Amino acid sequence: MISMISFLIVISICVIFHEGGHYLTAKWRNVLVHEFAFGMGPAVWSKKKGETVWSLRAFPIGGFVRLEGEDESEADEGTKPTGYDPSRSLMHKKPWERFVILSSGALVNLLLAWLLTALLLAGNGVLDLESAKIGNVMENTPAQAYGIETGDTLLSINGKMLDGWGDIRKNIQDQSVTSDIFTIVIKRGEDTITKEISIPAGEDGTARLLGVQPARVTYPFYKALAHGLGFSWNMGVEILRGLWMFVTGQIKTDVVGPVGIAVMAGDAFKQGFWSFVAFLGVINLHLGLLNLFPFPALDGGRIVFVLIEMITRRKVPEKWEGWIHYGGFIILLALIVLVTGKDIVRLFS
């Protein structure tokens with residue numbers, strides 16, 4: 001039940017913001033919006049306000065904004081009722097206007113991911129991996145036994161200066177070091193302390209463990225915005241790199257669908273508010289990037305045709321574009337069914 005509620009919260013926020021981006025830019029460019037729908041399948045509730053129908057669909061997965069002229073050709077204009085205004089059709093808008101409307105949904109998701117990341121950095125903070133400051137000393141470890149304290153900053157290990165948290169692990173697990181005794185220089189307040197600490201490897205061959213964890217750092221919101229943009233950018237690059245490696249067969253990984261996302265949303269919700277905020281930010285980042293991917297039936301696929309028109313000054317024949325998007329939709333539907341099936345099998349196994 002928690003997973004289902006969490007999933008509905010996540011998908012509602014992602015879809016409403018995504019489709020809201022399309023809706024607002026369409027209204028800005030005076031495109032007629034016939035319907036703003038949350039969910040897919042038959043409508044279970046609908047209400048017309050102004051010229052737009054607002055509806056809830058039976059299956060709370062996705063949603064859409066139905067725009068005038070979005071899936072119609074010029075040949076369809078003869079069937080329009082009296083009073084039809086062709087200037088309010090998406091088809092009759094300039095290429096740059098269509099580009100803005102089509103890309104706005106994904107861009108809003110990316111914007112939301114950035115703001116949620118900034119909120120996380122300001123409210124909960126992030127582990128400081130850029131320094132070697134100690135945030136926590138683990139029990140029954142060499143760090144505790146030799147008096148390392150929370151708030152200490154490790155300056156060097158065996159004479160090698162530490163530039164970041166990763167250098168602690170690198171120096172302690174250096175295979176060229178045969179002695180269990182490590183000389184560690186610590187800064188504590190205004191004092192500099194040198195300790196000779198024994199850090200033996202585990203009897204079962206496990207790596208040496210000092211027993212310290214990084215500190216957590218928070219930022220004022222204006223700084224969190226800058227840091228959040230960097231975090232989101234780096235994570236976006238890693239997402240695209242991982243996707244490329246997956247597509248090219250360089251790595252093998254499990255792809256999750258709605259059921260898998262529901263399970264992860266429930267786990268994040270159970271871990272607390274900030275874990276849920278982090279998860280929501282990551283999902284919006286994925287959704288924004290994947291929707292811009294140049295695949296037929298996605299926003300990115302439609303944008304490709306607009307870019308072709310902007311470059312060549314000629315529209316791709318609507319019949320060709322329609323068939324390409326239709327084929328992409330069938331492929332996407334098949335992938336969703338396949339991935340959902342794997343999610344269910346993984347859930348029960």
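Predicted model, so just to flag it, every value in this text is computed and none were measured. Residue numbers run from 1 in the order of the sequence given.
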>> Under a 3.5 Å cutoff, is there a donor and acceptor pairing between the side chains of Asn284 and His18?
In response: no
> Side chain of Lys93, backbone of Ser87: donor and acceptor closer than 3.5 Å?
Replying inline: yes
> Does Pro42 offer a backbone N or O that forms a donor-acceptor pair with the side chain of Arg57 under 3.5 Å?
Replying inline: no
> What do you reckon, are the aromatic ring centroids of Tyr23 and Trp54 less than 6.0 Å apart?
Replying inline: yes
> Do the side chains of Trp114 and Leu289 join up, straight or via other hydrophobic residues, at under 4.5 Å, putting them in one cluster?
Replying inline: no
> Side-chain contact, heavy-atom cut-off 4.5 Å: Phe182 with Arg208?
Replying inline: yes
> Going from CG on Leu102 to CZ on Arg302, what distance comes out if it is rounded to the nearest 0.5 angstrom?
Replying inline: 7.0 Å
> Charged N to carboxylate O below 4.0 Å: is that the case for Arg98 and Glu70?
Replying inline: no
> Atom CG of Asp128 and atom CH2 of Trp165: how far apart are they, to the nearest 0.5 Å?
Replying inline: 9.0 Å
> For Ser55 and Glu35, does a side-chain donor sit closer than 3.5 Å to a side-chain acceptor?
Replying inline: yes
>> Please give me the minimum heavy-atom distance between Ala106 and Gly288, naming the atom from each residue.
In response: CB-O, 3.4 Å
>> Tell me if a side-chain donor or acceptor on Ser104 pairs with a main-chain N or O of Gly21 at a distance below 3.5 Å.
In response: yes
> Within a strict 4.5 Å, meaning less than it, do heavy atoms of the Leu225 and Tyr219 side chains meet?
Replying inline: no
> If every non-hydrogen atom of Ala118 is compared with every non-hydrogen atom of Ala224, which pair is closest and at what distance?
Replying inline: O-CB, 3.3 Å
> Taking atom CH2 of Trp233 as the centre, does the number of heavy atoms from other residues, nucleotides or ligands within less than 6.0 Å exceed 12?
Replying inline: no
> Looking only at atom types and distance, does a side-chain atom of Thr52 sit under 3.5 Å from a main-chain N or O of Lys49, one as donor and one as acceptor?
Replying inline: no
> Does Phe279 reach the side chain of Ser6, with side-chain heavy atoms less than 4.5 Å apart?
Replying inline: no
>> Are Leu112 and Ile13 packed together at the side-chain level, in the sense that at least one heavy-atom pair is separated by less than 4.5 angstrom?
In response: yes
> Under 4.5 Å between side-chain heavy atoms, hopping through other hydrophobics if needed: is there a path connecting Leu111 to Ile101?
Replying inline: no
>> Ser156 vs Asn171, test: side-chain contact (heavy atoms from CB on, under 4.5 Å). Steps then yes/no.
In response: CA-CA 9 Å; Ser156 68; Asn171 283 280; over 6 Å; no
> Once you round to the nearest 0.5 Å, how far does OG1 of Thr183 lie from CD1 of Ile157?
Replying inline: 10.0 Å
> Which pair of non-hydrogen atoms, one from Ser232 and one from Leu285, has the smallest distance, and what is that distance?
Replying inline: O-CD2, 3.8 Å
>> Would you say Asp299 and His22 are linked by a side-chain donor-acceptor pair, where the criterion is simply a distance under 3.5 Å?
In response: yes
> Does CH2 in Trp274 sit with more than 12 non-hydrogen atoms of other residues, nucleotides or ligands closer than 6.0 Å?
Replying inline: yes
> Quick one: CG on Leu240 to CZ on Phe293, what's the gap to the nearest 0.5 Å?
Replying inline: 8.5 Å
>> Please find the pair of heavy atoms, one from Pro214 and one from Leu129, that lie closest to each other, and give the distance.
In response: CG-CD2, 4.0 Å
>> Please evaluate residues Phe38 and Ile11 with respect to the criterion side-chain contact (heavy atoms from CB on, under 4.5 Å), reporting the C-alpha separation (whole Å), side-chain torsions for both, the decisive distance (0.1 Å), and the verdict.
In response: CA-CA 10 Å; Phe38 174 73; Ile11 203 68; 4.1 Å; yes
> Mind checking whether Met91 and Val306 sit in one hydrophobic cluster, side chains of I, L, V, M, F, W, Y counted as touching below 4.5 Å?
Replying inline: no
> Taking it one step at a time, do Phe231 and Leu120 satisfy side-chain contact (heavy atoms from CB on, under 4.5 Å)?
Replying inline: CA-CA 11 Å; Phe231 271 90; Leu120 180 69; over 6 Å; no
> Is there a side-chain contact between Leu292 and Leu110 (heavy atoms, below 4.5 Å)?
Replying inline: yes
>> Quick one, Glu149 and Arg188 - any side-chain contact, counting heavy atoms below 4.5 Å?
In response: yes
>> Could you report the tightest heavy-atom contact between His34 and Leu32, atom names first, then the distance?
In response: CE1-CD2, 3.4 Å
> When you check the gap from the basic side-chain N to the acidic O, do Arg241 and Glu238 get nearer than 4.0 Å?
Replying inline: yes
> Any link between Val304 and Phe99 through a network of hydrophobic side chains (Ile, Leu, Val, Met, Phe, Trp, Tyr) touching at under 4.5 Å?
Replying inline: no
> Lys187 side chain to Leu154 main-chain N or O, any donor-acceptor pair under 3.5 Å?
Replying inline: no
> Has Trp45 got more than 12 heavy atoms of other residues, nucleotides or ligands less than 6.0 Å from its CH2?
Replying inline: yes
>> Does Phe17, at its CZ atom, have more than 12 non-hydrogen atoms belonging to other residues, nucleotides or ligands within less than 6.0 Å?
In response: no
> Is Glu139 atom CD crowded by more than 12 heavy atoms from other residues, nucleotides or ligands, each under 6.0 Å away?
Replying inline: no
>> Membership question, hydrophobic clusters at under 4.5 Å side-chain separation (ILVMFWY): are Leu116 and Leu229 in the same one?
In response: no
> Do Glu19 and Arg66 pass the salt bridge (Lys or Arg N to Asp or Glu O under 4.0 Å) test, and can you show the C-alpha distance, the side-chain angles, and the key distance before you say yes or no?
Replying inline: CA-CA 10 Å; Glu19 300 303 335; Arg66 185 161 58 89; over 6 Å; no
>> Assess the residue pair Arg88 and Asp85 against the criterion (salt bridge (Lys or Arg N to Asp or Glu O under 4.0 Å)); give the C-alpha distance rounded to whole Å, side-chain angles, the decisive distance to 0.1 Å, and a yes or no.
In response: CA-CA 6 Å; Arg88 301 196 66 195; Asp85 184 358; 5.3 Å; no
> For atom NZ of Lys94, is the number of surrounding heavy atoms from other residues, nucleotides or ligands below 6.0 Å larger than 12?
Replying inline: no
>> Within this structure, what is the CD1-CD1 distance for the pair Ile193 and Ile148, rounded to the nearest 0.5 Å?
In response: 10.0 Å
>> So for atom CE, which belongs to Met4, do other residues, nucleotides or ligands contribute more than 12 heavy atoms lying within a distance under 6.0 Å?
In response: no
>> Before you tell me yes or no, could you show the steps for Leu298 and Leu290 under side-chain contact (heavy atoms from CB on, under 4.5 Å), namely the whole-Å CA-CA distance, both residues' side-chain angles and the distance that decides it to 0.1 Å?
In response: CA-CA 8 Å; Leu298 295 179; Leu290 292 179; 5.7 Å; no
> Is Arg314 salt-bridged to Glu309, going by a charged N under 4.0 Å from an acidic O?
Replying inline: no
> Could you give the distance from CD1 (Ile184) to CG (Leu210), rounded to the nearest 0.5 Å?
Replying inline: 5.0 Å
> Would Glu68 and Ser89 count as having a side-chain donor-acceptor pair, cut-off 3.5 Å?
Replying inline: no
> Hey, is CZ on Arg216 packed in by over 12 heavy atoms from elsewhere, all under 6.0 Å?
Replying inline: yes
> What's the shortest heavy-atom distance between Ile2 and Gly266, and which atoms?
Replying inline: CG2-O, 4.2 Å
> Side chains of Met235 and Val282: closer than 4.5 Å at any heavy-atom pair?
Replying inline: yes
>> Is the shortest side-chain heavy-atom distance between Ile186 and Leu155 below 4.5 Å?
In response: no
